[in-house]
Amino acid sequence: MGRDIIADIITSIRNADIDQKGRVKIVSTNITKNIVKILLREGFIENVRKHQESQKNFLVSTLRHRKTRKGQKINLKRISRPGLRIYSNYQQIPKILGGMGIVILSTSRGIITDREARLEKIGGEILCYIW
């Protein structure tokens with residue numbers, strides 16, 4: 001039985017945000033690099049650096065804590081999972097909080113956000129929601 005790498009990323013980021021830890025260490029794979037790149041571009045994390053220890057590569061991400069409102073956290077929700085895949089065409093991709101949140105999709109052109117998928121008019125597997 002394989003591991004669900006995307007669920008591991010979501011859980012580690014959520015736990016670090018709840019505990020108000022500054023850094024998250026994530027195993028480096030192509031999928032995790034693309035998801036972290038999207039999170040960096042969308043402003044959910046501040047920076048990313050590569051780290052290697054005992055022949056394994058990791059991505060160390062620094063979370064951006066929002067101090068404007070008390071209790072405001074990064075909300076992540078895994079949608080498609082190994083036991084139940086959820087697919088959508090570009091017209092039916094949900095808008096999170098009226099477009100304030102993002103949907104991360106796995107498409108034929110790589111891992112992209114919902115806005116990019118609508119612009120390119122391609123659908124795919126809905127990986128997670130972030131708001």
Side-chain angles (χ1 to χ4, degrees):
M1 180 168 241
R3 291 181 45 166
D4 189 6
I5 296 172
I6 299 168
D8 290 344
I9 295 170
I10 290 171
T11 303
S12 61
I13 291 173
R14 185 184 307 122
N15 290 341
D17 191 45
I18 289 170
D19 293 340
Q20 294 183 350
K21 293 185 178 178
R23 294 192 178 108
V24 178
K25 188 165 70 168
I26 301 167
V27 177
S28 179
T29 63
N30 288 335
I31 294 172
T32 58
K33 287 178 189 175
N34 291 329
I35 291 175
V36 167
K37 199 181 303 181
I38 288 173
L39 293 175
L40 182 65
R41 188 175 61 224
E42 295 291 329
F44 290 101
I45 58 177
E46 287 182 4
N47 61 13
V48 178
R49 65 180 173 85
K50 294 178 183 177
H51 179 69
Q52 183 175 5
E53 71 182 45
S54 68
Q55 302 296 327
K56 290 188 179 180
N57 293 323
F58 293 98
L59 297 173
V60 179
S61 303
T62 304
L63 296 178
R64 173 170 287 158
H65 289 290
R66 300 180 193 127
K67 307 215 185 229
T68 56
R69 293 186 194 161
K70 190 174 183 178
Q72 187 176 12
K73 303 287 183 195
I74 298 174
N75 295 309
L76 299 110
K77 183 176 181 185
R78 177 81 157 117
I79 302 301
S80 184
R81 52 192 162 94
L84 179 64
R85 303 287 186 185
I86 306 294
Y87 296 96
S88 176
N89 62 10
Y90 76 95
Q91 296 163 335
Q92 295 176 342
I93 297 172
K95 288 188 179 183
I96 306 302
L97 294 177
M100 296 297 290
I102 62 170
V103 178
I104 297 180
L105 296 121
S106 176
T107 66
S108 59
R109 296 190 186 151
I111 296 177
I112 59 175
T113 64
D114 56 335
R115 285 179 234 131
E116 295 168 348
R118 285 188 193 98
L119 285 174
E120 295 181 17
K121 295 187 177 182
I122 55 173
E125 180 184 356
I126 300 175
L127 298 178
C128 61
Y129 298 156
I130 302 172
W131 68 97

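The first residue in the sequence is number 1, and the count goes up from there. Since this is a predicted model, take the numbers as computed values, not measurements.
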Do Ile112 and Val36 share a hydrophobic cluster, counting only Ile, Leu, Val, Met, Phe, Trp and Tyr and linking them when any side-chain heavy atoms are less than 4.5 Å apart?
no
Could you state the interatomic distance from CZ (Arg115) to CD1 (Ile93), rounded to the nearest 0.5 Å?
11.5 Å
Same apolar cluster (I L V M F W Y, side chains within < 4.5 Å links), Met100/Tyr129:
yes
Determine whether more than 12 heavy atoms belonging to other residues, nucleotides or ligands lie under 6.0 Å from atom CG of Leu63.
yes
Quick one: does Asn34's side chain have a donor or acceptor within less than 3.5 Å of a partner on Ile111's backbone?
no
Return the OG1 to CG distance between Thr32 and Asp8, rounded to the nearest 0.5 Å.
10.5 Å
Check step by step if side-chain contact (heavy atoms from CB on, under 4.5 Å) holds for Leu76 and Cys128.
CA-CA 7 Å; Leu76 299 110; Cys128 61; 5.5 Å; no
Is there a path of hydrophobic side-chain contacts, each under 4.5 Å between heavy atoms of I/L/V/M/F/W/Y residues, joining Leu97 to Ile79?
yes
Check the hydrophobic clustering (I, L, V, M, F, W, Y; side-chain heavy atoms under 4.5 Å; chains of links allowed) and say if Ile74 and Ile18 are grouped together.
no
ILVMFWY network linking Ile122 to Tyr90, side-chain heavy atoms under 4.5 angstrom
no
To the nearest 0.5 Å, how far apart are CG in Leu59 and CZ in Arg49?
10.5 Å
When you look at Leu39 and Ile13, which way does the side-chain contact (heavy atoms from CB on, under 4.5 Å) test go after all the steps?
CA-CA 11 Å; Leu39 293 175; Ile13 291 173; 3.7 Å; yes
What are the two closest non-hydrogen atoms of Leu105 and Asp114, and how far apart are they?
CD1-CA, 3.7 Å
What distance do Glu116 atom CD and Thr107 atom OG1 have between them, rounded to the nearest 0.5 Å?
9.0 Å
Would Phe58 and Val27 satisfy side-chain contact (heavy atoms from CB on, under 4.5 Å), going step by step from the backbone distance to the final call?
CA-CA 5 Å; Phe58 293 98; Val27 177; 3.9 Å; yes
Going from OG on Ser80 to CD1 on Ile6, what distance comes out if it is rounded to the nearest 0.5 angstrom?
8.0 Å
Determine, step by step, whether Lys56 and His51 satisfy the side-chain contact (heavy atoms from CB on, under 4.5 Å) criterion, reporting the C-alpha distance in whole Å, the side-chain angles of both residues, the deciding distance to 0.1 Å, and the verdict.
CA-CA 8 Å; Lys56 290 188 179 180; His51 179 69; over 6 Å; no
Let me confirm one number: the OG1-CD1 distance from Thr113 to Ile102, rounded to the nearest 0.5 Å.
6.5 Å
Neighbour count above 12 (heavy atom, 6.0 Å) for Arg23 CZ
no
Within the structure provided, determine whether Asp17 and Arg14 are in side-chain contact (heavy-atom separation under 4.5 Å).
no
